[in-house]
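Chain letters run A, B, ... following the sequence lines, proteins first, then strands; residues in each count from 1.
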Number of protein chains: 2
Amino acid sequence: MKISTKGRYALRLMLDLAINNTGEYIPIKRIAERQEISEKYLEQIITQISRAGFVRSVRGSQGGYQLASPPEEYTVGMIVRLLEGELSPVVLTDEPGNYEQADRSVTADVWQEIKDAIDDVVDNITLAELVRRYHEKGNCEYYI
Amino acid sequence: MKISTKGRYALRLMLDLAINNTGEYIPIKRIAERQEISEKYLEQIITQISRAGFVRSVRGSQGGYQLASPPEEYTVGMIVRLLEGELSPVVLTDEPGNYEQADRSVTADVWQEIKDAIDDVVDNITLAELVRRYHEKGNCEYYI
DNA sequence: ATAATTCATATAGAATTAATATGAAATAAA
DNA sequence: TTTATTTCATATTAATTCTATATGAATTAT
C-alpha cells in the first residue's frame, strides 16, 4: 500500500518547479541536485509529466523545464495519478457509474470508500497551496 | 498504491467467519471453496490472523476456526493492517507525536493527510457493519 | 565547434507478490 | 487403533514491479 518513488518524486519535482516559478527554464540537473534524486531517474519521470503537457520544455544549452500553467492549476492528485495511475487500493473494474451500489460486493464498497477518501485529499491540495505552506514553514531552503 | 491480495483475502476471510458466526468451527477448506481462493494461501493468511488472536482454532477432524470476539470488535483497519502493515502511502519515519508539523516537509504532510483519511475510513467500519450491509444487499449467497 | 540539455529507449539488480509444495502435529470418527 | 481431516510450520518458486543505471541521438545557446 505504497505510492512509489515515481509518484513521490514527481510531486517534489513539480513543487520544486512551482517554488522556482520565475519564468526561467530550469534544467532537470538543478532539481536533481536540490532534491538529491538521481538525475536520470528524474528525466524519466519528467518525460511522462512533459508528455501530459504539465510542463513546457526547451532543449539544449540554457534549456530546461517550467510549469505550463500557474501552480493553482495543479492538484496533488493530477500529478501523482500521472505516475501511479488511479489512487485506488484495488483495481476497481466496476466504474461507480456503471453499477448500482447494491450490485457490488461489500468489500468492493470498502475499497471504493477508501479511494474516495484519498481522492478527496489529493484533489483538494494544489501546488499553490503547497508553495504557501512551504513559505509558511520557512525552515529550510529546499526541505520539500 | 495497492492493498495486496493478502490484505483483501484476510478481510473476506474474516467477513466469511462473521457471516457464519454460529459458534461452530469452520475449516479453512470451506472458506476457500466459498471465496474461491487457494486453500493453502488462505492457510498462510489465517495463520497470521490466528497468531494475532483474532480467531480461535481447533486442530484435527471437525476442527477449524471461529472469531475470537463478536464482529463488532473488529474493524477493517485492524484486519487489513495485520497483513499489510500501516496503511500509509509512504513510510513515515517521523511519528506524528515526535515532531511539530512545521519540522516536517510539506510533501510529508500530504502523505500524512492521506494516511489519516484512510485510517478514518477503515477504523470506522466494523465486521458487524459489513455483515449488516451484506444482508441488506441480499443479492447473492457469498458475493462478499 | 562545444557544452549543455532534452528526448528515447534498453538493460538490470533487488524486492515484492502470489502462490505452490512438503510434511509434521493434533483430533474426531470408524 | 487406524484413518481421514484439519491446523501448523516452513521452504521454494515464478512472475511482476520497483528503482534505478546506461547509452546515445537530437537540439540549442554560446
Side-chain angles (χ1 to χ4, degrees), chain A residues 1-13 16-17 24-68 80 82-86 88-91, chain B residues 1-13 17 20 24-68 80 82-86 88-91:
Chain A
M1 186 62 181
K2 294 281 173 278
I3 290 175
S4 75
T5 50
K6 283 204 174 177
R8 289 184 279 134
Y9 291 171
L11 183 58
R12 286 168 63 187
L13 193 166
D16 190 295
L17 285 178
E24 288 173 25
Y25 284 86
I26 299 172
I28 207 69
K29 186 179 186 180
R30 202 66 25 83
I31 299 174
E33 284 164 7
R34 285 200 286 252
Q35 302 301 322
E36 295 179 314
I37 299 172
S38 148
E39 186 182 335
K40 276 296 176 189
Y41 197 34
L42 268 189
E43 264 185 34
Q44 274 183 42
I45 292 166
I46 205 160
T47 293
Q48 286 191 62
I49 293 173
S50 183
R51 281 183 186 144
F54 287 11
V55 293
R56 269 189 293 270
S57 66
V58 169
R59 283 183 165 194
S61 185
Q62 300 296 99
Y65 299 92
Q66 65 182 201
L67 294 184
V80 178
L82 199 60
L83 280 289
E84 299 285 324
E86 279 299 321
S88 170
V90 302
V91 177
Chain B
M1 185 62 181
K2 295 278 172 280
I3 290 174
S4 75
T5 51
K6 284 205 174 175
R8 290 185 279 133
Y9 290 172
L11 183 59
R12 286 168 63 187
L13 193 167
L17 285 179
N20 300 284
E24 288 174 24
Y25 283 87
I26 300 172
I28 208 67
K29 187 178 184 179
R30 202 66 26 80
I31 299 175
E33 283 165 8
R34 283 200 288 253
Q35 301 301 323
E36 295 180 312
I37 298 172
S38 151
E39 186 183 334
K40 275 296 176 190
Y41 198 33
L42 268 191
E43 263 185 35
Q44 275 183 42
I45 292 165
I46 205 159
T47 293
Q48 287 193 60
I49 293 174
S50 184
R51 283 184 185 144
F54 288 11
V55 292
R56 268 189 293 270
S57 66
V58 169
R59 282 182 166 195
S61 186
Q62 300 295 101
Y65 298 92
Q66 65 183 198
L67 294 184
V80 177
L82 199 60
L83 280 290
E84 299 286 323
E86 279 298 321
S88 169
V90 301
V91 177

Q: Has A/S4 got a side-chain N or O lying under 4.0 Å from the OP1 or OP2 atom of D/dT19?
A: yes

Q: Roughly how many Å is it from CZ in A/R59 to P in D/dT30, rounded to a whole number?
A: 18 Å

Q: Find the distance A/Y65:OH to C/dT5:C1' and express it as a whole number of Å.
A: 8 Å

Q: So do the side chains of B/Y41 and B/T5 get within less than 4.5 Å of each other, counting heavy atoms only?
A: yes

Q: If we ignore hydrogens and angles and just use 3.5 Å, is the side chain of B/E39 paired with the main-chain N or O of B/I28 as donor and acceptor?
A: no

Q: Quick one: A/M1 CE to C/dT16 P, roughly how many Å, whole number?
A: 17 Å

Q: Which nucleotide sits closest to the side chain of B/I28: C/dC7, D/dT7, D/dC8?
A: D/dT7

Q: With a non-hydrogen cut-off below 4.0 angstrom, is B/T47 in contact with a base, only sugar-phosphate, or nothing?
A: nothing

Q: Which is it for A/Q35 and A/L13 under the side chain to side chain contact (heavy atoms under 4.5 Å, CB included) test, yes or no, and what are the steps along the way?
A: CA-CA 8 Å; A/Q35 302 301 322; A/L13 193 166; over 6 Å; no

Q: What is the distance from CZ of A/R8 to C1' of D/dC18, rounded to the nearest Å?
A: 11 Å

Q: Please work out if A/Y25 contacts a base, only the sugar-phosphate, or nothing of the nucleic acid, heavy-atom cut-off 4.0 Å.
A: nothing

Q: Choosing from C/dA4, D/dC18, C/dT6, which nucleotide comes nearest the side chain of A/S61?
A: C/dA4

Q: Under a 4.5 Å cut-off applied to non-hydrogen side-chain atoms, are B/I31 and B/I37 in contact?
A: no

Q: Quick one: on DNA chain C, does B/G63 or B/E84 contact a more 5' nucleotide (nearest heavy atom)?
A: B/E84

Q: Atom CD1 of A/I3 and atom C1' of D/dT17: how far apart are they, to the nearest Å?
A: 16 Å

Q: Out of D/dA20, C/dA26, D/dT28, which has the shortest distance to the side chain of A/T5?
A: D/dA20

Q: Looking only at side-chain N and O atoms, does B/Y9 come under 4.0 Å of OP1 or OP2 in C/dA19?
A: yes

Q: Answer yes or no: is there a side-chain heavy-atom contact under 4.5 Å between A/M1 and B/K2?
A: no

Q: What nucleotide among D/dT19, D/dT6, D/dC8 has an atom nearest to a side-chain atom of B/R30?
A: D/dT6

Q: How many Å lie between CD1 on B/I26 and P on D/dT5, as a whole number?
A: 19 Å

Q: Rounded off to whole Å, could you give me the NZ-to-P distance for the B/K2 and D/dT16 pair?
A: 17 Å

Q: Could you give the distance from CG (B/N20) to CD (B/Q66), rounded to the nearest 0.5 Å?
A: 12.0 Å

Q: Quick one: list whatever passes salt bridge (Lys or Arg N to Asp or Glu O under 4.0 Å) with B/E43, sequence neighbours left out.
A: B/K40

Q: Check every strand shown and say whether A/R51 touches a base, only sugar-phosphate, or nothing at a heavy-atom separation below 4.0 Å.
A: sugar-phosphate

Q: Among residues 37-46 of chain B, which residues get a heavy atom nearer than 4.0 Å to DNA chain C?
A: B/S38, B/K40, B/Y41, B/Q44

Q: Mind checking salt bridge (Lys or Arg N to Asp or Glu O under 4.0 Å) for B/R30 and listing every partner two or more places apart, or none if nothing turns up?
A: B/E33

Q: Without decimals, in angstroms, what is the distance between A/I49 CD1 and C/dT6 P?
A: 13 Å

